[in-house]
Structures are given as C-alpha cells and as structure tokens.
2 protein chains.
Amino acid sequence: MPKMAYVCMRLIAYKDKIKMNNKTEIFKALADETRLRILNLFIKFGESLCVCELTDALKLPQYHISKHLNVIRNSGILKPEREGTWVYYKLDNSNSDIKDLVKFLKNFLTEQQLEADYNSLKQRLLLREEGKCVIGFVSEVDLIKKIKIKTKE
Amino acid sequence: MPKMAYVCMRLIAYKDKIKMNNKTEIFKALADETRLRILNLFIKFGESLCVCELTDALKLPQYHISKHLNVIRNSGILKPEREGTWVYYKLDNSNSDIKDLVKFLKNFLTEQQLEADYNSLKQRLLLREEGKCVIGFVSEVDLIKKIKIKTKE
DNA sequence: TGACAATATGCCCAAAATGGCATATGTTTG
DNA sequence: CAAACATATGCCATTTTGGGCATATTGTCA
C-alpha cells in the first residue's frame, strides 16, 4: 500500500518541524472580527487604551473584550499595564515584527465599521482627564450627557 | 438538496454582516501553520503551483493540502486554474488587498521551516518540463532518483 | 468506453474556539 | 476591614475547525 507508507513519512516529518508558532499565533489573533475591531482602535489611536474604553467603544460585554484582549496579548501584539484599578493595553512596539505588522494593518484595515468604531472611541475619550481614563462603563446615553456637561465647563 | 439550503443560509448570513468579512476571512486563512506554509511557497516562488507539487514539497497527504487550498481560495488569496488533469493555484494579483498582503508577508515570513519548505519545492520543480508539472506524487526517494536521471540527460 | 491519474469532498471524530453567565481577583477609598 | 469598582477567569453549552479515511469528480488517453 503506497498510501500507508506515505502517511508514515508524514508523521516523521511532523516530529522535527521547527516551531513557527509565533507567526501562526499572531494571525490567529487577527482571525476574528471582534479582535480586528479591537486592534483597529489601537492602531488608529496609537496609544494606550483601557478595557472600559474599549468596551464602551465597541459596545460589547466587558468579559467578551477581556477574553479577546487575552488572546491578542498571548500572541505578543498587545501588552498590558496596570494603573490602579485600570488596566491599559498597548501595542508592543519593542517587537519589530509587531511594528511591521501594525504598519501594514494601518493601510490594510479600511472597512467602514472600523471607522465607525474609531469615532465611537473618540467620543469616549472625551471623558479622559489629563490623558487618563477616570470612569468605568458608560452607557451611550450617559456618555452624551457627560460630554455635554464637560464641554460646558 | 440540503446543499442548496446551506448555501442559501450562508448567503443571507453574509449579507447582514457589515462588510469586514473579507479581511477576517483573509486572516483566518493565515491562521494555520499548514496554510502559512502553503502560502509561503506561492510567495517565494511567485508563480503557479500545482497541487501535487505542494503535496510533495510539504510532505503532507493530498487531501490535507486540497482542503487547506480550498480555505485559502475562499478567502480570495489564491485562485485555481485547471490544465488538463492538473490544477494550478496562484496568488490573485488582480486584487490590490492581496497584492499588499503578499508584499507584507514576503518580509514577515522568515521562519527556518519556511525556507526548508521552499528548498523542498525547488527540488520538486526540477521535474517540471517546459515550466509545467508532468508527474503526480513522488516519494522523497523517487524524487532523488528521477532528478539524477534527468540531470544526466 | 474503460482504465487511470490528479484533485476534491463527504463523513466521522477529537480538539479547540466562542459566547454567556456568574463570580473571582486586585485595587482604591472610607 | 468593608464596600465599590475595574478587570479577569472558570465553567458550561454550542459551534467551528482540523485530521484521517474512503470515495467522488473531473479529465486524459488508449
């Protein structure tokens, strides 16, 4: 049976494969619509974002965002930083692969949904004080109210 | 036919998603080690490759390659062309997104395994005649024999 | 037409990913 | 310390994915 012999070869070939998990993991991190939307915000904004800001911008459950952030983080694209109760994530620019990837994605991600997400984020960022997030989850309605109050000050 | 129903559902489901699908599907196509290895061969070689050449280069079962090719094809990265019994796939350079992606990947995919795969492919390509594949699956041993015969000619 | 070759696909199973919910963890503040 | 808040995670059910195998499909040629 030539076919059996063939399969045997396969198994051997598999064993000594040289890990290329890194790159595969990176693409797995990109292979989900929500995660692409999350990354899009980091790429467009370019700086740290905290979990509640992402949650509000994308209007998804907090645990949902948190889990996806974990996947992206494990791929090496994002790294977290705690500041008190808040956790900020940011692109890991110390990794040249990630830098190249981000540069590429900046031009590659052009969907309208992603623009809309970024606009949503920009609204939410109006509530920052001295460049930092100072409030947790805000409903869409409350956000508008709070922004009005803030701009009157 | 259940198949028709399935296809219908797909089309509907696709419809009410906000575009994005393209990009997510593209990254899903990249999110698997075997598929990255397949794409690597197209990127490095730059021209059409037939299924049996890929199969021999990567030393994986034919159905395995065939299934992965189907995923990559559905993402729009590769397109097939039949030539008699052989089916050649090639990068879809008519799509500018794909062109950009390929350009990026050319620098991004640097793993040793991928170099080894390409070397394996180059060996296999020695059996081509007038730039075309003229033989099906060849075991590693047979490949070496055939190359010897060929170079003596 | 029949045999054969190259490729694709249907079915099954196991593993992994995903979403939803509840709750745990870690931090600040009173 | 307790309470409140931001974030993370464990568990469950469901879906998706990938590998393996057999076989179907498509095309060639005698």
Side-chain angles (χ1 to χ4, degrees), chain A residues 1-4 6-11 13-14 21 24-25 27-36 38 48-56 58 60-75 78 80-89 124 127 132-138, chain B residues 1-3 6-7 9-10 13 24-25 27-38 48-56 58-75 78 80-89 127 132-138:
Chain A
M1 281 252 227
K3 228 170 181 176
M4 280 311 283
Y6 207 51
V7 170
C8 265
M9 271 171 46
R10 302 283 108 85
L11 292 175
Y14 247 86
N21 293 315
T24 312
E25 289 310 310
F27 289 120
K28 277 187 185 171
L30 303 175
D32 175 274
E33 185 174 325
T34 304
R35 290 198 291 270
L36 268 189
I38 291 173
S48 299
L49 289 167
C50 87
V51 181
C52 60
E53 289 170 333
L54 294 166
T55 303
D56 284 348
L58 299 185
L60 290 171
Q62 175 267 324
Y63 63 80
H64 196 153
I65 299 289
S66 207
K67 280 182 184 176
H68 279 305
L69 281 171
N70 198 38
V71 176
I72 305 176
R73 169 194 180 175
N74 286 337
S75 78
L78 289 177
E81 259 170 29
R82 183 176 273 278
E83 277 194 36
T85 323
W86 283 269
V87 175
Y88 289 85
Y89 284 79
R124 181 57 168 77
L127 296 187
K132 290 294 169 187
C133 181
V134 292
I135 192 170
F137 309 116
V138 182
Chain B
M1 278 289 213
K3 217 171 179 186
Y6 185 68
V7 171
M9 271 171 47
R10 289 279 293 181
T24 311
E25 288 310 309
F27 289 120
K28 278 187 185 170
L30 303 175
D32 175 273
E33 185 173 326
T34 304
R35 289 198 292 269
L36 269 189
R37 291 177 67 198
I38 290 173
S48 300
L49 289 167
C50 87
V51 180
C52 61
E53 289 170 334
L54 294 166
T55 303
D56 284 347
L58 300 185
K59 300 177 186 67
L60 290 170
Q62 176 266 324
Y63 62 81
H64 196 153
I65 300 288
S66 207
K67 282 181 182 177
H68 281 304
L69 280 171
N70 198 37
V71 176
I72 305 175
R73 170 194 179 174
N74 286 336
S75 77
L78 289 177
E81 257 170 30
R82 183 176 274 278
E83 276 193 36
T85 324
W86 283 269
V87 175
Y88 289 86
Y89 284 80
L127 296 187
K132 291 294 168 187
C133 181
V134 293
I135 192 171
F137 309 116
V138 182

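In the text below, chain A, chain B and the rest are named by the order of the sequence lines, each starting its count at 1.
Residue contacts shown for A:Leu60 are absent, as no nucleic acid heavy atom lies under 4.0 Å away. Contact annotation for B:Leu54: no contact, since no heavy-atom pair falls under 4.0 Å across all strands. Counting non-hydrogen atoms under 4.0 angstrom, B:Arg35 reaches the backbone sugars and phosphates but no base.
Regarding B:Arg82, its CZ atom lies at a distance of 13 Å from the P atom of D:dT25, rounded to whole Å. In this structure, A:Glu25 places its CD atom 12 Å from C1' of C:dA17, rounding to the nearest Å. If you take CG of A:Asp32 and C1' of D:dT16, they are 12 Å apart, rounded to a whole angstrom. Separating the CD atom of A:Glu33 from the P atom of C:dT18 is a distance of 12 Å, rounded to the nearest angstrom. Distance, B:Lys28 NZ to C:dT18 P: 8 Å, rounded to whole Å. Computed from coordinates, the A:Ile72 CD1 to C:dA17 C1' distance equals 15 Å when rounded to whole Å. Straight-line distance from the CG atom of A:Leu69 to the P atom of D:dA8: 7 Å, rounded to whole Å. Rounded to whole Å, atom P of C:dA8 lies 14 Å from atom CH2 of B:Trp86.
Nearest to the side chain of B:Asn70, among C:dG19, C:dT9, D:dA6, sits C:dT9. Each of C:dC21, D:dT7, C:dT7 was ranked by its minimum atom distance to the side chain of A:Tyr63; first place goes to C:dC21. For B:His68, whose side chain is taken as the heavy atoms from C-beta onward, the closest listed nucleotide among D:dG19, D:dT7, C:dA17 is D:dG19. The B:Thr85 side chain lies nearest to C:dA5 when the options are D:dT7, C:dA5, C:dG20. Listed nucleotides: D:dA8, C:dT18, C:dA8. Nearest to the side chain of B:Tyr89: C:dA8.
Put simply, the side chain of A:Leu30 reaches to within 4.5 Å of the side chain of A:Leu36, judged on heavy atoms.
Partners of A:Lys132 according to the salt bridge (charged side-chain N to carboxylate O under 4.0 Å, His left out) rule, which considers only residues two or more places apart in sequence or in another chain, are A:Glu83.
Taking every heavy atom of both residues into account, A:Leu58 and A:Ile65 meet most closely at CD1-CD1, 4.0 Å. Closest approach of A:Thr34 and A:His68 over heavy atoms only: CG2-CD2, 3.6 Å.
Judged by atom type and distance alone, A:Gln62 reaches the base of D:dA8 through a side-chain donor-acceptor pair under 3.5 Å.
To the nearest 0.5 Å, the span separating SG on A:Cys50 from CZ on A:Arg124 amounts to 6.5 Å.
Taking for each of A:Val87 and A:Lys67 the nucleotide of DNA chain D with the nearest heavy atom, the 5'-most of the two is the partner of A:Val87.
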